[in-house]
Engineer: 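Structure below; questions to follow.
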Amino acid sequence: MSTKRGFAPWIEAMRLRTLPVSVAGVLAGWIVAFAYGSFRILPALICLFFAIGAQIVSNFANEYFDYANGLDKKGREGFRRGVTEGDIDPKKMLRATLSLLGLVCLMGLSLIYWGGWWLLPIGIVIAIAALAYSAGPWPLSHHGLGDVAVIIFFGIVPVCLTAYVQLPDWDAQSIFPAIHLTMIQAALPISTGIGLMAADVLIVNNVRDIEDDRAVNKKTTAVLFGRRTMTVVYLIFALGGLALIVSPFISLLPILAKIIWIIPAFCAVKNYLRLTTLRGAALNNVLRQTALLLAASIILLAAELLILYHIL
């Protein structure tokens with residue numbers, strides 16, 4: 001097996017183009033904590049590295065187990081698969097996956113100091129899910145549950161837990177007088193919106209790979225429900241996700257700040273139109289733009305709240 005490409009295959013296996021998805025969830029948790037009067041830099045950074053590490057573990061596991069189960073083939077649509085293409089030794093990929101999982105678990109254990117011991121079972125579930133997405137007797141991504149897993153583990157879990165370890169009080173009140181929601185009431189719609197937009201990244205991936213997945217009986221939602229249905233779902237998730245992300249703070253925003261959200265909505269529609277017309281590897285850029293749109297939406301929300309914080 002050839003491994004002459006050096007570190008490049010490993011970087012490709014990390015799928016850096018999709019990492020804004022995990023970063024967005026944590027940044028949203030930072031925003032919620034800030035809006036409720038708390039921002040602790042150390043647990044905030046640990047949450048960030050934990051989320052990125054967990055996503056890379058899931059990506060590595062996907063590379064290895066899809067290869068081991070015969071679900072990948074050379075020259076398939078999408079980005080290059082290092083193990084399948086012979087760039088990475090399968091045993092090395094498995095060792096890297098498990099080693100990184102161990103490191104991520106250690107980072108997660110450190111958060112108990114701020115959030116309490118109840119985080120331990122949550123961390124165990126996250127670790128199992130990182131592998132169960134592609135591994136085990138019933139891989140989630142092979143049975144139409146990948147989208148649900150993404151909504152939960154890239155949306156609801158990172159946003160809520162990141163906010164909580166910085167301010168362990170779900171009933172905390174916002175520092176902005178116009179916001180009458182408790183912290184959990186604000187975190188849940190934001191986290192759900194992020195989960196929906198993160199699921200859009202997976203939808204693009206699955207629509208791109210629909211023929212390859214159908215050939216090996218990998219039952220993604222695109223295979224189960226068809227290309228046309230999932231492109232419509234993509235648009236609903238994108239626009240609905242944007243609405244949910246800004247909804248807890250909508251009463252606080254002046255009219256111009258509200259109007260600006262037309263821009264990400266326009267970008268979402270543009271990505272949807274490209275998703276309906278492009279095929280195969282041509283969708284790689286749509287996948288990248290979908291991930292970046294999610295990250296940009298969180299940055300926009302953070303910028304608006306910071307400006308208002310200094311004005312009010």
Side-chain angles (χ1 to χ4, degrees), residues 1-23 48-108 126-143 146 149-150 153-154 198 201-202 204-220 222 280-288 290-292:
M1 179 167 289
S2 172
T3 56
K4 294 181 179 179
R5 298 183 65 221
F7 290 108
W10 291 96
I11 295 174
E12 290 169 356
M14 292 179 185
R15 302 178 193 174
L16 300 181
R17 68 200 67 82
T18 64
L19 290 187
V21 174
S22 57
V23 172
L48 179 61
F49 292 126
F50 176 85
I52 293 173
Q55 183 174 355
I56 293 174
V57 167
S58 183
N59 291 340
F60 279 7
N62 183 251
E63 287 256 350
Y64 173 78
F65 287 105
D66 275 8
Y67 163 83
N69 294 325
L71 298 178
D72 275 347
K73 64 181 181 180
K74 291 186 177 183
R76 63 172 287 155
E77 298 287 359
F79 299 99
R80 187 178 178 90
R81 297 293 188 104
V83 177
T84 300
E85 298 292 346
D87 302 327
I88 302 174
D89 184 273
K91 293 180 180 178
K92 290 183 178 179
M93 177 58 82
L94 180 60
R95 286 197 298 268
T97 302
L98 297 178
S99 298
L100 182 57
L101 177 62
L103 180 60
V104 168
C105 288
L106 288 176
M107 283 193 289
I126 293 172
I128 293 173
L131 296 178
Y133 182 82
S134 303
W138 212 72
L140 299 177
S141 63
H142 302 175
H143 296 86
V150 167
F153 292 103
F154 286 88
V201 176
L202 182 61
V204 178
N205 181 85
N206 291 341
V207 168
R208 181 198 64 199
D209 295 344
I210 188 169
E211 298 304 331
D212 288 329
D213 290 337
R214 186 177 285 132
V216 295
N217 199 33
K218 183 177 179 180
K219 297 177 181 178
T220 65
L283 287 170
N284 287 341
N285 193 51
V286 179
L287 185 149
R288 184 184 297 107
T290 300
L292 290 175

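When a residue number appears, it is its place in the shown sequence, counting from 1.
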Engineer: Return all side-chain donor-acceptor pairs below 3.5 angstrom for residues 93-101, not counting sequence neighbours, or 'none' if the list is empty.
Structural biologist:
residue: T97; atom: OG1; partner: M93; partner atom: O; Å: 2.8
residue: S99; atom: OG; partner: R95; partner atom: O; Å: 2.8

Engineer: Any idea which heavy atoms bring A222 and I210 closest together, and the distance?
Structural biologist: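 Taking every non-hydrogen atom into account, O-CD1, 3.4 Å.
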Engineer: Could you tell me whether a side-chain N or O of H143 sits under 3.5 Å from a main-chain N or O of P139, the two making a donor and an acceptor?
Structural biologist: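 It does hold such a pair.
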Engineer: How long is the span from the CD atom in E12 to the CZ atom in F7, to the nearest 0.5 Å?
Structural biologist: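 Nearest 0.5 Å value for the CD-CZ distance: 14.0 Å.
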Engineer: When rounded to the nearest 0.5 angstrom, what distance separates OG1 in T290 from CG in N205?
Structural biologist: 11.0 Å
Engineer: Looking at every heavy atom in both A13 and I88, which two are closest together, and how far apart are they?
Structural biologist: CB-CD1, 4.4 Å
Engineer: Would you check, one step at a time, whether the test side-chain contact (heavy atoms from CB on, under 4.5 Å) holds for W10 with K92?
Structural biologist: CA-CA 10 Å; W10 291 96; K92 290 183 178 179; 4.1 Å; yes
Engineer: Hey, are the side chains of K218 and S141 touching, using non-hydrogen atoms and a 4.5 Å cut-off?
Structural biologist: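 In short, these two side chains touch, coming nearer than 4.5 Å.
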Engineer: Kindly compute the distance separating NZ (K219) from CG (N217), expressed to the nearest 0.5 Å.
Structural biologist: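 Answer rounded to 0.5 Å: 5.0 Å.
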Engineer: Between N284 (side chain) and A281 (backbone), is there a donor-acceptor pair under 3.5 Å?
Structural biologist: yes
Engineer: Looking only at heavy atoms, what is the nearest atom pair of V21 and A291, with distance?
Structural biologist: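 Heavy-atom minimum between the residues: CG2-CB, 4.1 Å.
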Engineer: Considering residues at least two apart in sequence or located in another chain, which fulfil the side chain to side chain donor-acceptor pair (under 3.5 Å) criterion with R17?
Structural biologist: none
Engineer: Check side chain to side chain donor-acceptor pair (under 3.5 Å) between N69 and all other residues, then give those that pass, not counting sequence neighbours.
Structural biologist: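 None.
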Engineer: V104 vs F49, test: side-chain contact (heavy atoms from CB on, under 4.5 Å). Steps then yes/no.
Structural biologist: CA-CA 8 Å; V104 168; F49 292 126; over 6 Å; no
Engineer: Could I get the full list of side chain to side chain donor-acceptor pair (under 3.5 Å) partners for N62, not counting sequence neighbours?
Structural biologist: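 Checked N62 against side chain to side chain donor-acceptor pair (under 3.5 Å); matches are R15, D66, R81, S134.
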Engineer: Name all residues meeting the side chain to side chain donor-acceptor pair (under 3.5 Å) criterion together with T220; count only those two or more places apart in sequence or in a different chain, and write none if there are none.
Structural biologist: none
Engineer: Which atom pair, heavy atoms only, marks the closest approach of Y67 to P90?
Structural biologist: CE2-CG, 3.5 Å
Engineer: Side chains of residues 51-60: which donor-acceptor partners sit under 3.5 Å, not counting sequence neighbours?
Structural biologist:
residue: Q55; atom: OE1; partner: S22; partner atom: N; Å: 3.4
residue: Q55; atom: OE1; partner: S22; partner atom: OG; Å: 2.7
residue: Q55; atom: NE2; partner: T18; partner atom: O; Å: 3.1
residue: Q55; atom: NE2; partner: T18; partner atom: OG1; Å: 3.0
residue: N59; atom: ND2; partner: M14; partner atom: O; Å: 2.9
residue: N59; atom: ND2; partner: Q55; partner atom: O; Å: 3.4

